[in-house]
Structure formats: C-alpha cells, structure tokens
Amino acid sequence: MPDDPTVVTLVVAARDGDQHAWNAIVERYAPLVWAVCRRHDLSRLDIDDVGQSVWLKLVEHLADIRDPAALPGWIATTTRNECLRVLRTSRSREHAEHLAEPEGFAEGGFAEIDQELERAQRQVALRVAFRELRPRCQELLSQLFQEPRPAYRDISATLGMKIGSIGPSRERCLAELRRCPALAALIEADGPGREARRA
Amino acid sequence: MTSIADIRWDDDDELLAFLDEALRTEGEVPPDFVAAGKAAFTWRSIDAELAALVYDSEREPALTRTQTADLRALTFASAHVTIELELTDSGLLGQVVPTAPARIDVQTAAGVTASVTADELGCFTIRDVPQEPFRLRVRVDETIDVLTTWITR
C-alpha cells in the first residue's frame, strides 16, 4: 500500500489538537468504517456503536501512533474487531436462548478486510484527487456519472460547453485527475510499467 | 471485487467508473454517522477507561424481551465497574456496581449537560436525558474514571 503523505500531515495536526485535521481524517475514512460494518451485516444501531468505539479509540491513540501512514490499516482492523465484538455479544445471547444457530459470517475474513482496505485506499485517493480538480472539470465529470448518461447535447446545454469540446475536455480532466498527487502516488505504486508505456 | 493490480488506470472509461464508485460510496454514508465521528475529537484529552456496551434490551429479539417497550435496559462494563441503566421517557435510572458514591457526568458532543452524584447504593437519576447521542462519565474518588460508549435513544 503506498504511503499517503497527507495522512501523515493530518495525523500530526490532529495530534496537536487541530479539529479540522481530525474532521478531514473522519471524512476520509468514515466510508471505510461504514463499508466494513456493512460487510458484517450490522444494524444501523450497531454500526453507530462500532463507529463511536473506533473513533474514540483513534482519538485516544493519536498520540502513540508510531506510523501515521499505517492509519487506514489500523482503522480497518479496529473496525473489524469492533464488529466482531458486537456480533459476539448478540450471538452469545442468541445461543443462550436457543433461538438461532450462530451464522458462519465474519470467520477468517482477513483477506476480505485487505480487499476492503485496498478499495477504500483507492476511493480515498480518487475523492481527494477529484476535489483538487478545477471546478469546471468537477462539473463535467459529475455530468458524465449521471444515470442514464445524458446526451452530449444536454451536457452542452447544462454546462454551456461546446459539444465538440466535451470529449477532449473529458480526456483532459481525467489526465489531470491522474496527475493529482494522491492518485499519482497510488498509480505509481500500482504499476509504473503501465503508465510508462503510456508515456 | 476488482483487485487493485487489475486496474487499468490509463483507461478513461475505467477511471471514470471508479471515480463514480468512489463518490457514490461516500454519498451512501449517513451524514450523522460522519458527524458523530467528528464529535469524538472532543474527548481526546479525557484520560478515562472505556466501558463497553455489553447488554441492550433494544437489541434483543422482540419475542424474548422481558421488559415493556417503553423501558430500555443497558449495561456497560469496564475492568473496574459495571454501569446498569434503565432508560425511560421520564429519565435515566442508573446504578454503579460495585456500589460507590460515584460522580456521574452526562456528556453530549456539545459538552457536559448534567452532573449527578450516586447514593451509597450506587444509584442515580438523570431527569434530563439528551435527545442527541450521549455518554456517561463515571468517577469514584481518584481511582475510577470510566467513560461509556455513546448511547443513542
């Protein structure tokens, strides 16, 4: 997993009491916590419980995180452990009451956690990169996500952009996205060969 | 699930699809879940032990609930104390076990909203229970300082 220099900056600032840095950490990784909880099939009530525990633990451990770059992994693992705690509590009750056999979920899911972490890292990088784009690029790309995808004619009307410019602008904006440091670091770590071939 | 090694970053359509997925995933996370995470920063200086929720009647399957629906029983446990709570419309009744004249603070993201002292049996009553998520900080002398996880009504 590539190191993300901004994570280190955020952790160091949050450690010094910077609420904005903390907010940025939460905004970045709340989707990871959420996704891991969903994967464990937790109710909203349980997800809230897990979320609170994870963030509180992180607040408590900010001071002694030795390697801030490892933060996403720490969050994913802690969330998983908290999910298992919640499941154990409800499962042992069910067991005692002979209501239901414990289900086989959440057993040996470390490979799954790795995948979730990988996906979360990729998504964080993409979101950070997207927000660094020029507003014009963000608007255009947002249009292209619409389902069903609007006709270029409609995009042209919405954005006041020539139809002939949409294709080339899309290409330029995506190239810009790839160059944003957060994403560039990920692409670099992923496989420099491919990008080198491209260049 | 696509492994990161399989991603063709130079493919515009693929990049766009992944960007779409990334923004969509973020959009699926409820704002109040994120807000609660941000609020957790308030407690960074508190040097308290965490008491985990070990029982919540609201999580019991409906058939096995022994209490009436308007009473919610909660139990928090740490290494040193157990905190038993009964939450009703009219307030929060609690007991600290082992019994001790504990001081109890009710905390929300905004700060401490109420402080009460438990009697010699460790019992306490909180009349004004916050509507927003809250937690209890329970202190006994200088030796015990415990913080429950967040309680959402």
Side-chain angles (χ1 to χ4, degrees), chain A residues 14 17 19 22-23 26-27 29-31 33-35 43-49 51-60 62 85-86 89-90 93-94 97 99 115-116 118-119 121-127 129-130 141-142 144-145 170-171 174 177-178 183 186-187 190-191 194-195 197-198, chain B residues 1-50 52-56 58-61 63-64 75 133 135 147-152:
Chain A
Q19 172 87 50
W22 172 258
N23 289 355
V26 173
E27 275 167 15
Y29 297 109
V33 176
W34 183 259
S43 68
R44 176 64 207 269
L45 203 67
D46 286 337
I47 294 179
D48 285 342
D49 185 17
Q52 301 284 13
S53 303
V54 170
W55 298 123
L56 187 81
K57 284 188 172 161
L58 180 55
V59 165
E60 286 166 350
L62 273 179
R85 170 182 65 79
V86 164
T89 313
S90 52
R93 275 204 307 270
E94 281 174 12
E97 288 152 5
L99 266 179
Q115 278 186 331
E116 198 63 68
E118 206 169 75
R119 203 161 74 113
Q121 294 275 62
R122 182 182 78 218
Q123 295 186 346
V124 165
L126 282 161
R127 287 193 291 262
F130 179 72
L141 295 180
S142 298
L144 298 170
F145 298 148
R170 172 188 192 264
E171 200 176 311
L174 288 173
L177 188 76
R178 286 188 193 92
L183 193 56
L186 191 74
I187 295 173
D190 184 17
R194 280 194 198 107
E195 287 303 296
R197 275 203 307 280
R198 191 167 185 270
Chain B
M1 193 178 299
T2 312
S3 166
I4 209 155
D6 299 332
I7 296 174
R8 289 172 298 139
W9 289 106
D10 52 355
D11 183 307
D12 276 3
D13 288 334
E14 197 161 321
L15 179 59
L16 201 57
F18 277 121
L19 179 60
D20 185 15
E21 184 203 32
L23 295 174
R24 224 178 269 272
T25 306
E26 183 184 44
E28 283 164 7
V29 182
D32 59 333
F33 179 74
V34 182
K38 291 178 182 175
F41 197 57
T42 318
W43 310 118
R44 74 193 170 88
S45 57
I46 292 180
D47 192 22
E49 185 187 351
L50 196 62
L53 180 66
V54 293
Y55 175 80
D56 183 348
E58 207 162 80
R59 288 197 187 140
E60 293 294 296
L63 280 172
T64 66
T75 305
R135 63 198 326 176
L147 196 59
T148 69
T149 51
W150 294 87
I151 304 163
T152 311

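Numbers restart at 1 for each chain; the letters A, B, ... are given by sequence-line order, proteins then strands. Only this structure's heavy atoms are used, side chains among them; waters, hydrogens and symmetry mates stay out.
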Stepwise, does the side chain to side chain contact (heavy atoms under 4.5 Å, CB included) test hold for A/Val26 with B/Phe41? CA-CA 10 Å; A/Val26 173; B/Phe41 197 57; over 6 Å; no
Ignoring hydrogens and geometry, is there a side-chain-to-backbone donor-acceptor pair from A/Trp22 to B/Lys38 under 3.5 Å? yes
About how many Å separate CG of B/Asp12 and CG of A/Leu174, when rounded to the nearest 0.5 Å? 4.5 Å
Nearest atoms (heavy-atom pairs only) where A/Leu56 meets B/Ala40: N-CB, 4.4 Å
Would you check, one step at a time, whether the test side chain to side chain contact (heavy atoms under 4.5 Å, CB included) holds for A/Leu183 with B/Trp9? CA-CA 10 Å; A/Leu183 193 56; B/Trp9 289 106; 3.8 Å; yes
Atom NZ of A/Lys57 and atom OG1 of B/Thr149: how far apart are they, to the nearest 0.5 Å? 10.0 Å
Among B/Leu16, B/Val34, B/Thr25, which residue forms the greatest number of heavy-atom pairs with chain A at distances under 4.5 Å? B/Leu16
So what's closer than 4.5 Å to chain B heavy atoms on A/Leu177: side chain, backbone, both or neither? side chain
Residues B/Thr148, A/Gln52; criterion side chain to side chain contact (heavy atoms under 4.5 Å, CB included); working and verdict: CA-CA 10 Å; B/Thr148 69; A/Gln52 301 284 13; over 6 Å; no
So, taking the atom named CG in B/Leu19 and the one named CZ in A/Arg122, what distance separates them when rounded to the nearest 0.5 Å? 11.0 Å
Yes or no on side chain to side chain contact (heavy atoms under 4.5 Å, CB included) for B/Asp56 and A/Asp49, after CA distance, side-chain angles and deciding distance? CA-CA 11 Å; B/Asp56 183 348; A/Asp49 185 17; over 6 Å; no
To the nearest 0.5 angstrom, please state how far the CG atom of A/Leu126 sits from the CG atom of B/Leu23. 8.0 Å
Which atoms form the tightest heavy-atom contact between A/Pro31 and B/Val29, and what is the distance? CA-CG2, 3.6 Å
Check A/Gly51 against B/Phe33 and note the closest heavy-atom contact, atom names and distance. CA-CE1, 4.0 Å
